[in-house]
Amino acid sequence: MSILEYFDLVISDYTLRTITFGTAALGAICGMLGSFAVLRKQSLLGDAISHAALPGIAIAFLITQTKDNNMLLFGALISGVIATYWIRGIVTRTHLKTDAALGIILSVFFGFGMLLLTYIQKQPNANQAGLDKYLFGQAATLVTKDVKMLLYVLGISLFILLLFWKELKVMLFDAEYTQTLGFNVKFLDLLITFCIVLAIVLGLQTVGVVLMSAMLLAPAAAARQWTDKLWVMLFLAAIFGIVAGVFGTAISATGDNLSTGPVIVLLAVGIVIFSFVFSPTRGLLMRHFRFKKNKKSFQQTKILLDLYRKNKSEEGEGIPLQVSNFPVRTMKELQDKGLVHIEDNAWQLTTDGITQAKNINL
Amino acid sequence: MTLPQIEIQLIAALVAITCAIPGVFLVLRKMSLISDAISHSILLGIVLGFFITQDLSSPLLIAMAAIAGVITVILVEAIQNTKLVKEDTAIGLVFPAMFSIGIILISQNANDVHLDVDAVLLGELAFAPFNRWYIGDMDMGPKALWVVGSILVVLVTLLILFFKELKISTFDPGLSAALGISPILMHYGLMTVSSVTIVGAFDAVGAILVVALMIVPAAGAYLLTTNLKKMLLLAIFFGLFSAISGYWAANLLNASISGSMATVLGIVFLLIYLFAPSKGLIANVYRDKRQKNEVMLLTFLLHLHQHSDKEERSVQHLNYHFSWSQKQAKKILKLAVDNGLIYVENPYVNLTEKGEKFNVEAINYILSNQTEKVERMKQDFLLFRG
């Protein structure tokens, strides 16, 4: 089945349509909210929270004894929020840094979650199988109910973003200033953190614990390369997220034995690499060209000045002006510009050259 | 205890020690999350190694995994150096990508690879004693014991040989460079060692527990001491303790050993986080509160010093002037009286001689921009503190 045939199928096939809608919505949510995580230097918070959601899922199952998706996600949400607050507590209340705090919470919560999962598996209850889909994610398990949930969350986060747009924007760039303006920074912080945790928890079912962090930050990191405007960045990140989601699902559905999560993540990372290289302002390629150009113009200026100073002293001391003593390519470029010419087998400035050198020399 | 039980505990103990040592340096260098990244990306190395050798027990797998770990570090640093994204974003991009490639390669060749991603991520210590090493017909014990044991020997040797260098380059890279100890060499040395440690350990306990065993004991130890040697010893102790008690807890619950070890580690850390004598949460909150009271006391005393007219010194007025609550005002007033800095002549408050002396000294320090010395004055003047 080719990709084109696949998109024909999306229109007609109910399951494929559900999954595609689901991954697209997830991509959009992650892109938007991930932008906030990336700009607030909390990229890896997503990694910690996604791991920390596991014990919540297990405990929710132990309490309710059902595999109702929303109940499990609610459990995940609670343990994600607890983890976030503990991380914050460690960072603000002790001298341990963010990296250690994230590492501790991530591994301990995940370990605890594993303990509970293995405990559940050994219980005499036939209902427990399938909890480990949250580990690696299975987009194929998305049903209409999940997609609706994703769309609700997308709507809610869009609404919150629009409502508090100005406040969130100021807070991103200068939290202290925001406080002096009289905005409740704590509330805003809670709001956006809650949204991020929600997005992560919803993504677990699709891409899994390990890859969730990349889902959150890759579209945002890519979008950041193309713009300095917040709303453009959010918009682009959402688009990148959707593209990765939709095409990732398409590729994994058409290829054989390709799990959706890894494919989506690889696509997103591919977009990041492309942005790193080809972004017109910050990209590595443009940076390289700019560097080359600067180097060239610096060389030309230096030679112009050298010639000019020699001319003025008229003695011609120091290195002789013979053609062989100058870099061929740079001199050719200068000659093409009509700034220098050869006289008596030595380089001399033309009138234009003298005027320009005089300007630089000032 | 049966023989496999003893062997499992022995392996767990060795893994805990092996992880704690590099972990201490990672935490001190604020690079804890590199261990998380490495532990995930080695999956790719193992898969590629398997494709080359077609043998899951080949040592080449370990070598490839270690290389994948070092490549992760190099990639992360390369991305950081472009300055296009913040540092932690680089980590978050590299390891999911490598992990994804690993998973896709496994699923593409699912029929010939008997690699279970679950097992890689979670490990199963309970099976470690059954994977034994034979020389000829002689049973040499579990393979994991030998692998982790030899890594530990190398690690301890390196630690003793380069202890001074590691210490200097960790705390002051500038000084270390000036002394001719290359911080870059030390950095990559540590990264290689961590990578090898993670590879050796994760085979036995899984990727996530490796992270727990590296970071959590070291972080806990860091809250208790500022001496590097003590920190190393404490971290090793916490690791050992959690490994052994985690094993027995798992036995009791009939659940995953690595999960239970991580949980015990978490509990140990939680206790330290709450109760550490000077850096724990409770000590911290208590200190904050005391500091706040002492600042209030100082403000109050300075106010009394500045205003000689009775009106400003009446108890009623103080309430109004500082907008303190009744309770706060009472507390500060009591604190000042207890310390003999003021005496109350209803309804006026007066400074005692000691109070005056305190003020003169404090103002002196404040005016000459030596506010840190006010902190020391508290010890000289205050019998009771906030």
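Below, read A as the first sequence line, B as the second, and so on, with proteins coming before strands; counting in each chain starts at 1. Just the heavy atoms: all of them, side chains too, but no hydrogens, waters or symmetry mates, feed the values below. In this text, all values refer to a predicted model and were calculated from it rather than measured experimentally.
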Original post:
Where on B:Lys30 is there a heavy atom nearer than 4.5 Å to chain A: the side chain, the backbone, both, or neither?
Top reply: both
Original post:
Is the shortest heavy-atom distance from the side chain of A:Leu267 to the side chain of A:Val243 under 4.5 Å?
Top reply: no
**OP:** Could you look at B:Met31 and say if it's the side chain, the backbone, both or neither that has a heavy atom under 4.5 Å from chain A?
**Re:** backbone
Original post:
What class does the angle between the rings of A:Phe278 and A:Phe274 fall in, given that below 30° is parallel, 30 to 60° is tilted and above 60° is perpendicular?
Top reply: tilted
Original post:
Is a side-chain N or O of A:Arg224 found less than 3.5 angstrom from the main chain of A:Ala237, in a donor-acceptor match?
Top reply: no
**OP:** May I ask you to name which of A:Leu102, A:Val269, A:Val263, A:Ile104 has the most heavy-atom pairs under 4.5 Å with chain B?
**Re:** A:Ile104
Original post:
Using non-hydrogen atoms only, which part of B:Val285 is less than 4.5 Å away from chain A: side chain, backbone, both, or neither?
Top reply: both
Subject >> Toward chain A, the part of B:Tyr222 with a non-hydrogen atom under 4.5 Å >> reply: both
Subject >> A:Tyr85, OH atom: more than 12 neighbouring heavy atoms under 6.0 Å >> reply: yes
Original post:
Going by distance alone, is a donor N or O of one side chain under 3.5 Å from an acceptor N or O of the other, for B:Ser256 and A:Thr118?
Top reply: no
Original post:
For the side chain of A:Gln225 and the backbone of B:Leu84, is there at least one donor-acceptor N/O pair under 3.5 Å apart?
Top reply: yes
**OP:** With a 4.5 angstrom heavy-atom cut-off, could you sort out which part of A:Lys41 is near chain B: side chain, backbone, both or neither?
**Re:** both
Subject >> Pairs of heavy atoms under 4.5 Å with chain B: top-ranked of A:Val108, A:Leu115, A:Thr92, A:Ile90 >> reply: A:Leu115
Original post:
What part of A:Ile105 gets closer than 4.5 Å to chain B, counting heavy atoms only: side chain, backbone, both or neither?
Top reply: neither
Original post:
If we only count heavy atoms from C-beta on, is the A:Ile120 to A:Leu62 side-chain gap below 4.5 Å?
Top reply: yes
Subject >> Donor-acceptor side-chain pairing of A:Thr193 and A:Thr84 below 3.5 angstrom >> reply: no
Subject >> Which atoms of B:Asn254 approach chain A - backbone, side chain, both or neither, heavy atom under 4.5 Å >> reply: both
**OP:** Among the options A:Ala218, A:Ser279, A:Ser107, pick out the one with the most heavy-atom pairs lying under 4.5 Å from chain B.
**Re:** A:Ser107
Subject >> Engaged part of B:Leu270 at the chain A interface, taking heavy atoms whose separation is under 4.5 Å >> reply: both
**OP:** Among A:Lys97, A:Met212, A:His95, A:Arg282, single out the residue with the greatest number of heavy-atom pairs under 4.5 Å to chain B.
**Re:** A:His95
